[in-house]
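Just so it is clear, the model here is predicted, and its values are computed rather than measured. Positions are given from 1, in the same order as the sequence printed here.
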Amino acid sequence: MDVTPAMLAAAVAVLSVAASLPVLLRLLSASTGGKKTKLPLPPGSFGLPFIGQTLSLTRALRDNTADDWLRRCVAAYGPVSRLSLFGCPTAFLVGTAANKFIFGNAAVTAKTPESLARMVGRRTIREVVGEEHRRVRSMMVQFLKVDAVKRYVASMEDEVRRHLDAEWHGRATVAVMPSMKLLTFDVMCTAIFGLGRDAVRRELWTEFQQLVRGIWAVPVNLPFTTYSRCLAASQRGRRAVAGVIQERRAKLERGESSPTNDVVTHMLAEGLPDEEIIDNVMFLMVAAHDTTAALLTFLIRQLESDKDAYEKVVQEQEEIARSKAPGEALSWDDLVKMRYTWAAAMETLRMVPPVFSTMRKTVADVEYGGYLIPKGWQLIQATNMTQWDPAIFPEPGRFDPARFENPLAVPPFAFITFGGGARVCPGNEFARVETLVAMHYIVTRFRWKLAAGCDRSFSRSPLPYPSQGLLIDIEPIQK
């Protein structure tokens, strides 16, 4: 049984003192005139010493009331405020200008939640900076750019067909979220990492399902806590990835593989140390499948309730299916024609973004909105603060794929599910193609409705997860 929130709070207090004291002393200096600048700190409260608002926000995420939690913060303090999360002073910024500042300011860099950093490692593409960041990003982009993704269409299609045959056909009811998590994990393993359907893939699948539960857990490694189980899973996963590296190194040395085969072999050929390869593989495995699984799940959920949008998606996909000979594979041109389906996916991402908030940090004192944000502070923005802003997206609670039929009509830094500016996610094209291939076969092979007793509610931990995994009753479409 997990320890209680009170016990976690006490543990966080003890473990956070050493890390937080220098920053808090800096804040005291800023507040009492020790700094030359006369700019004030953002309004707000750091809450309880060292605990801050961490437990309150994580509870709101689980209850799916975090948006309301943050809106109360904006109502009380305005678009720039301060709080304390995970033992660190934090500035909460709201609005398109704030998004641009967070993604574009040179003094603001990425920050991985401490819980996730301890699990996936600290030398990931998200954490390294400067020339090292550019080097690692270049290695990954080789396998995520459009030309590479075009080569993945056939393998994605094979994985989707196999998955639906194994997990959907012959069943009356399917839990969509677990199904889509398995599908996207398999697609990623095949396309990016070149892993076969073997014991290593099964082991990694098992460990990563435990690991992702700890992304925003309080990072206290005490027995019987969720986080301790997640940390143990990450250690087992790292050992499995290390085994893959050794196997790929041996093949590379024997001349049996090429650096273009998969991202692990490419990183080895480029001389990246084993520990950094492990860190980046662990990070990429988290980033490259869970978010797309959430998109597919909530798109299926939305189409079940919006019959007009469902019919338009079906019409588009059936037209493509009719143009193919029996058994003929999808082509890149087919995917280009799936404009309405992708607009529906983008509108789903607007309404239910997989990533609730982007967390970054300041590497120097910065000014924003007339306030000083000192070096070492965290910065957060909440995706829904702009994506549900009625001034930007009228009637934000209405599902309207037409908003994205012309992407240029969306104001800059208003839709930030894939990041913004130079910090756009390098895997967005991979996610787009994977989503379109999966939806093509789902809508042309099955009809569905919510199963009895399954509602439309969901919680966040921190990714959105629907009640009961979104149970649906399915009916195969007879051809």
- Query: Is any side-chain heavy atom of Ile373 less than 4.5 Å from a side-chain heavy atom of Leu379?
  - Reply: yes
- Item | Heavy-atom side-chain proximity of Arg445 to Arg161 below 4.5 angstrom | yes
- Item | Selection residues 69-86 - residue pairs positive for side chain to side chain donor-acceptor pair (under 3.5 Å), sequence neighbours left out | Ser56-Trp69
- Within-4.5 Å side-chain heavy-atom neighbours: Val108 and Lys361: no
- Task: Applying salt bridge (Lys or Arg N to Asp or Glu O under 4.0 Å), name anything that partners Arg151, two or more places apart in sequence or on another chain.
- Result: none
- Item | Note: Asp473-Arg171 ion pair, threshold 4.0 Å (strictly below) | no
- Kindly compute the distance separating CD (Gln209) from SG (Cys230), expressed to the nearest 0.5 Å. 11.0 Å
- Ring centers of Phe393, Trp388 separated by less than 6.0 Å: no
- Item | Donor-acceptor under 3.5 Å (Ser357 side chain, Gln381 main chain) | yes
- Query: For the atom pair CZ (Arg360) and OG1 (Thr358), what is the distance rounded to the nearest 0.5 Å?
  - Reply: 7.5 Å
- Message: Checking His133 now: which residues fulfil ring-ring contact (aromatic ring centres under 6.0 Å, His included) with it, not counting sequence neighbours?
- Response: none
- If only atom types and distance count, is the side chain of Asp63 paired as donor or acceptor with the main-chain N or O of Thr65 below 3.5 Å? no
- Note on the structure: So side chain to side chain donor-acceptor pair (under 3.5 Å) across residues 100-110, not counting sequence neighbours, yields none
- Quick one: do Val80 and Val94 satisfy side-chain contact (heavy atoms from CB on, under 4.5 Å)? Show the steps, please. CA-CA 7 Å; Val80 185; Val94 175; over 6 Å; no
- What one should report as the nearest heavy-atom pair of Met285 and Cys189 is CE-SG, 4.4 Å
- Task: Check whether any side-chain heavy atom of Leu299 lies under 4.5 Å from a side-chain heavy atom of Met439, and answer yes or no.
- Result: yes
- Would a 4.5 Å heavy-atom cut-off, applied to side chains only, mark Thr225 and Ser228 as touching? yes
- Heavy-atom closest pair (Thr291 atom, Leu463 atom, distance to 0.1 Å) is N-CD2, 4.1 Å
- Message: Quick check for you: to the nearest 0.5 Å, what is the distance between Ser459 atom OG and Arg62 atom CZ?
- Response: 9.5 Å
- Got a second to check how far Met156's CE is from Thr184's OG1, nearest 0.5 Å? 10.5 Å
- Shortest non-hydrogen contact between Gly420 and Phe103, atoms and distance: O-CB, 3.5 Å
- Query: What salt bridge (charged side-chain N to carboxylate O under 4.0 Å, His left out) pairs are there with at least one residue in residues 104-115, not counting sequence neighbours?
  - Reply: Glu114-Arg118, Glu114-Arg122
- Message: Holding to ring-ring contact (aromatic ring centres under 6.0 Å, His included), I want the full list of residues that pass it with His440, two or more places apart in sequence or in another chain.
- Response: none
- Message: Go through it in stages, so that I can follow the logic: the residues are Ser179 and Trp168, the test is side chain to side chain donor-acceptor pair (under 3.5 Å), and I'd like the CA-CA distance, side-chain angles, deciding distance and then a yes or no.
- Response: CA-CA 9 Å; Ser179 173; Trp168 287 47; 2.9 Å; yes
- Query: Would you call the rings of Phe208 and Phe185 parallel, tilted or perpendicular, where under 30° means parallel and over 60° means perpendicular?
  - Reply: tilted
- With sequence neighbours left out, what residues match Phe193 under ring-ring contact (aromatic ring centres under 6.0 Å, His included)? none
- Item | Polar side-chain atom of Asp334 near backbone of Ser331 as donor-acceptor pair, under 3.5 Å | yes
- Quick one: which of Arg162, His163, Arg197 gives a side-chain hydrogen bond (donor to acceptor under 3.5 Å, both in side chains) with Asp186? Arg162
- Query: What residues form a salt bridge (Lys or Arg N to Asp or Glu O under 4.0 Å) with Arg236, not counting sequence neighbours?
  - Reply: Glu207
- Closest heavy-atom contact between Gly237 and Leu204? O-CD2, 3.8 Å
- Query: Stepwise, does the salt bridge (Lys or Arg N to Asp or Glu O under 4.0 Å) test hold for Arg432 with Glu429?
  - Reply: CA-CA 5 Å; Arg432 184 184 75 87; Glu429 190 65 17; 2.7 Å; yes
- Side-chain (Trp332) to main-chain (Val153) donor-acceptor, under 3.5 angstrom: no
- Look only at the side chain of Thr348 and the backbone of Leu295, and say whether a donor-acceptor pair between them is shorter than 3.5 Å. no
- Task: Before giving the answer on side chain to side chain donor-acceptor pair (under 3.5 Å), spell out for Glu318 and Thr444 the whole-Å C-alpha distance, their side-chain angles and the decisive distance to 0.1 Å.
- Result: CA-CA 6 Å; Glu318 287 286 4; Thr444 57; 5.8 Å; no
- Any donor and acceptor pair, going by atom type alone, linking the side chain of Ser138 with main-chain N or O of Arg134 inside 3.5 Å? no
- Got a donor-acceptor contact below 3.5 angstrom from the Thr292 side chain to the Ala431 backbone? no
- Verify, without hydrogens or angle tests, whether Thr54 (side chain) and Phe86 (backbone) share a donor-acceptor contact under 3.5 angstrom. yes
- Student check: side-chain heavy atoms of Asn280 and Met267 closer than 4.5 Å: yes
- Check whether any side-chain heavy atom of Glu405 sits under 4.5 Å from a side-chain heavy atom of Arg339, and report yes or no. no
- Note on the structure: In terms of heavy-atom contacts, Thr386 and Ala414 come closest through OG1-O, 2.9 Å
- Arg398: what forms a salt bridge (Lys or Arg N to Asp or Glu O under 4.0 Å) with it, not counting sequence neighbours? Glu395, Asp400
- Report yes or no: does Gln142 contribute a side-chain atom to a donor-acceptor pair with the main-chain N or O of His266 at less than 3.5 Å? no
- Item | Pair Glu347 + Arg403, salt bridge at N-O below 4.0 Å | yes
- Message: Quick check: do Met119 and Met282 have side-chain heavy atoms less than 4.5 Å from each other?
- Response: no
- Message: By the ring-ring contact (aromatic ring centres under 6.0 Å, His included) test, which pairs, at least two apart or in different chains, include something from residues 408-430?
- Response: Tyr152-Phe430, Phe404-Phe415
Donor-acceptor pairs are to be reported for all side-chain atoms of residues 302-311 against protein atoms at under 3.5 Å, with residues two or more places apart or in another chain.
| unit_1 | atom_1 | unit_2 | atom_2 | d |
| --- | --- | --- | --- | --- |
| Glu304 | OE2 | Leu450 | N | 3.3 |
| Ser305 | OG | Gln302 | O | 3.0 |
| Ser305 | OG | Arg456 | NH1 | 3.3 |
| Asp306 | OD1 | Asp308 | N | 3.4 |
| Asp306 | OD1 | Ala309 | N | 3.0 |
| Lys307 | NZ | Glu304 | O | 2.9 |

- Is the closest basic N to carboxylate O distance between Arg201 and Glu159 below 4.0 Å? yes
- Item | Sidechain N-carboxylate O distance under 4.0 Å for Glu316, Lys312 | no
- Query: Which pair of non-hydrogen atoms, one from Leu471 and one from Cys454, has the smallest distance, and what is that distance?
  - Reply: N-SG, 3.4 Å
- Task: Determine yes or no for a side-chain-to-main-chain donor-acceptor pair under 3.5 angstrom, with Gln387 supplying the side chain and Ile416 the backbone.
- Result: yes
- Item | Set of ring-ring contact (aromatic ring centres under 6.0 Å, His included) partners for Tyr465, sequence neighbours left out | none
